[in-house]
2 protein chains.
Amino acid sequence: MSDSASDWDDDSPAGTADRQPRRRAAPAALDGARARPSRNTDPTLPARERAYREMRYRILEGGLAPGTTLLETELATLLAMSRTPIREATIRLEKEGLVTIRPRHGITVNALSLDDLAEIYEVFSALEVRAAGLAALRGLSTEAAERMRGLLDAMEHATQQGRIEHWSRLDDEFHSTIAAASGNARLQSTLRLYWDQQYRARLAIVPLRASPTRSDAEHRSIFEAIRAGDEAEAERLMRAHRMRADAQTLELLRGQPFVASGGAG
Amino acid sequence: MSDSASDWDDDSPAGTADRQPRRRAAPAALDGARARPSRNTDPTLPARERAYREMRYRILEGGLAPGTTLLETELATLLAMSRTPIREATIRLEKEGLVTIRPRHGITVNALSLDDLAEIYEVFSALEVRAAGLAALRGLSTEAAERMRGLLDAMEHATQQGRIEHWSRLDDEFHSTIAAASGNARLQSTLRLYWDQQYRARLAIVPLRASPTRSDAEHRSIFEAIRAGDEAEAERLMRAHRMRADAQTLELLRGQPFVASGGAG
DNA sequence: GCCGCTGATAATGTATACATTATGACGGCG
DNA sequence: CGCCGTCATAATGTATACATTATCAGCGGC
């Protein structure tokens with residue numbers, strides 16, 4: 001089982017670090033993120049942190065379906081802790097756009113309408129375009145370049161084998177590698193926020209996707225532009241890529257069951 | 001709309017506040033800070049909300065200087081409430097990038113290095129460029145157009161009179177109007193987040209700014225492009241505007257007292 | 001039969017008690 | 001003389017008690 005929910009580098013400066021040394025993490029490799037077991041029950045973690053991770057995990061992976069409403073007390077029972085850490089975790093999740101807290105009505109897992117998703121993609125894509133540009137401007141480390149090349153190869157291979165789900169995970173990784181290569185930790189962490197929000201929707205259409213031959217080609221050209229240090233071209237290509245991919249995704253999502261047209265923001 | 005600096009969101013900080021340059025707040029500092037009660041004292045609001053607004057206000061307006069560290073207990077005393085709402089408020093503020101929570105070390109008002117500000121501007125500008133494009137794409141309402149035209153006139157007038165501080169507030173309003181015209185609430189709210197983070201720094205250089213004749217001209221051309229519905233041109237002009245303005249801002253900030261280049265965070 | 005009032009009730013908001021743990025002082029040891 | 005382990009303590013983490021308040025059922029008036 002994948003842990004795609006945590007492909008994106010976890011905590012970042014403006015983000016949700018709990019116990020962080022003074023200096024922020026270096027341009028960090030994302031490699032460590034994969035090792036973590038998806039189910040987080042480590043009892044040594046603070047309860048607040050367990051609550052946050054567990055709820056985030058369940059929301060992203062579908063255990064808590066969009067529209068689900070739970071009371072603080074119910075969550076407390078569910079996760080076997082008191083309301084205090086639950087409240088702190090839900091505040092974080094609300095800030096991240098995953099739930100909505102309505103006093104005396106409960107905590108609701110955000111259900112996204114197509115309009116919501118369109119909004120999310122608009123922000124996400126604008127940021128990713130810039131990330132590509134910055135990556136080009138700043139240059140790829142040898143490791144990042146290697147990594148991206150490996151991902152491109154693997155994606156093409158997955159495409160040939162028709163392993164769309166696997167391809168999708170590699171795609172996530174590719175894009176998050178670009179985010180990391182932007183050298184801007186805040187950009188990276190804001191991207192992760194929006195990534196989380198669209199994660200479930202994206203997951204839902206994975207099986208519907210056609211062979212992503214075109215994306216493979218676009219990815220490769222984006223990589224080449226970044227590698228060549230051509231900022232304008234990297235941004236141009238990424239913009240084109242995202243415009244096409246976003247439109248396609250929204251199209252596939254149209255008519256999907258859980259994408260209500262009037263969902264909550 | 002409102003007389004204050006901007007309509008980014010609920011309460012907008014306007015006017016100047018006194019500085020309190022104490023690095024480490026001793027108990028003595030608490031009384032000093034309490035001396036100036038701001039208007040977020042409405043006792044009908046939940047304590048958590050009062051704490052949030054009051055802290056945000058003091059951080060943005062300088063009552064709580066960057067680098068200031070306070071313990072939960074001290075904040076509770078300062079704002080005359082228990083630790084519970086304080087904790088909830090600080091979690092929100094940390095998510096917004098205004099403070100850093102270091103367990104057993106206290107809550108520190110984030111001090112931004114030049115690198116931090118550069119990061120912030122990179123994200124902010126990427127989003128604002130897109131906002132301009134979307135505004136062009138979607139068209140301005142009559143009111144928005146009127147409002148922007150009025151702001152442009154007022155800005156030029158302020159420039160002629162050398163009222164830089166006033167100009168700066170109008171500038172905020174102009175940019176937030178564009179954000180609103182993007183029609184994307186998430187974009188707007190993320191812009192506000194980053195705007196908050198750079199607010200103090202921007203405030204600090206207001207008196208140092210030269211006559212913003214050039215910005216006035218750029219603003220007008222951006223407005224024209226948006227009004228003409230020319231998405232690409234609006235983005236192009238906004239990008240140029242921001243690149244120039246950001247570079248200038250960072251240049252002015254270099255050497256400013258509270259902007260430690262090493263990362264005084 | 002509908003509207004609005006009212007109070008019981010449940011849920012949240014806040015305070016506080018209690019548990020846990022990092023820190024920094026202190027003193028012994030090398 | 002300095003290093004390291006230990007412990008007291010302060011600060012946070014969590015649970016729980018208590019206060020406040022919105023909701024909704026039920027009732028009475030219109």
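By convention in this document, chain letters (A, B, ...) are assigned in the order of the sequence lines, proteins followed by strands, and residues within each chain are numbered from 1.
A side-chain donor-acceptor contact under 3.5 Å links A/Ser113 to the backbone of A/Asp115. With hydrogens and angles ignored, the 3.5 Å screen pairs no side-chain donor or acceptor of A/Glu72 with any backbone N or O of A/Arg87. Although no hydrogens or angles enter the test, the distance criterion places a donor-acceptor pair under 3.5 Å between the side chain of A/Arg138 and the main chain of A/Ser182.
Note: CG (B/Leu71) to C1' (D/dT12) measures 10 Å, nearest angstrom. B/Ile86 has its CD1 atom 11 Å from the P atom of C/dT14, to the nearest Å. For A/Glu49 and D/dT12, the CD to P distance is 18 Å, given to the nearest whole Å. We find that OH of B/Tyr52 is positioned 16 Å from P of C/dT14, with the value rounded to whole Å. In this structure, the CD atom of B/Glu72 is 6 Å from the P atom of D/dG13, given to the nearest Å. Rounded to whole Å, the distance from CD1 on A/Ile101 to C1' on C/dG13 is 13 Å. Rounded to an integer number of Å, the gap from CG of B/Leu75 to C1' of D/dA11 is 13 Å. In this structure, the CG atom of B/Leu70 is 10 Å from the P atom of D/dT12, given to the nearest Å.
For B/Leu45 against B/Arg50, the heavy-atom pair with the smallest separation is O-NH1, 3.1 Å. For the pair B/Leu203 and B/Leu60, the tightest heavy-atom approach, listed with the atom from each and the gap, is CD2-O, 4.4 Å. For A/Glu94 against A/Ile101, the heavy-atom pair with the smallest separation is OE2-N, 3.1 Å.
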Nucleotide by nucleotide, nucleotides 15-23 of chain D touches protein heavy atoms under 4.0 Å in the pattern (B base, S sugar-phosphate only, - none) BBB--BBSS
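Look at A/Arg147 and A/Glu173 and you find a salt bridge, because one of the NZ, NE, NH1 or NH2 atoms lies within 4.0 Å of a carboxylate O, short of that distance. Between B/Arg92 and A/Glu88 no salt bridge is recorded (no basic side-chain N to carboxylate O distance below 4.0 Å).
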Is there any protein nitrogen or oxygen under 3.5 Å from a nitrogen or oxygen in nucleotides 4-7 of chain C, and what are the pairs?
none

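Under the 4.5 Å side-chain criterion, counting only non-hydrogen atoms from C-beta, A/Met55 is in contact with A/Leu79.
The phosphate of D/dT12 has neither OP1 nor OP2 within less than 4.0 Å of any side-chain N or O from B/Arg87.
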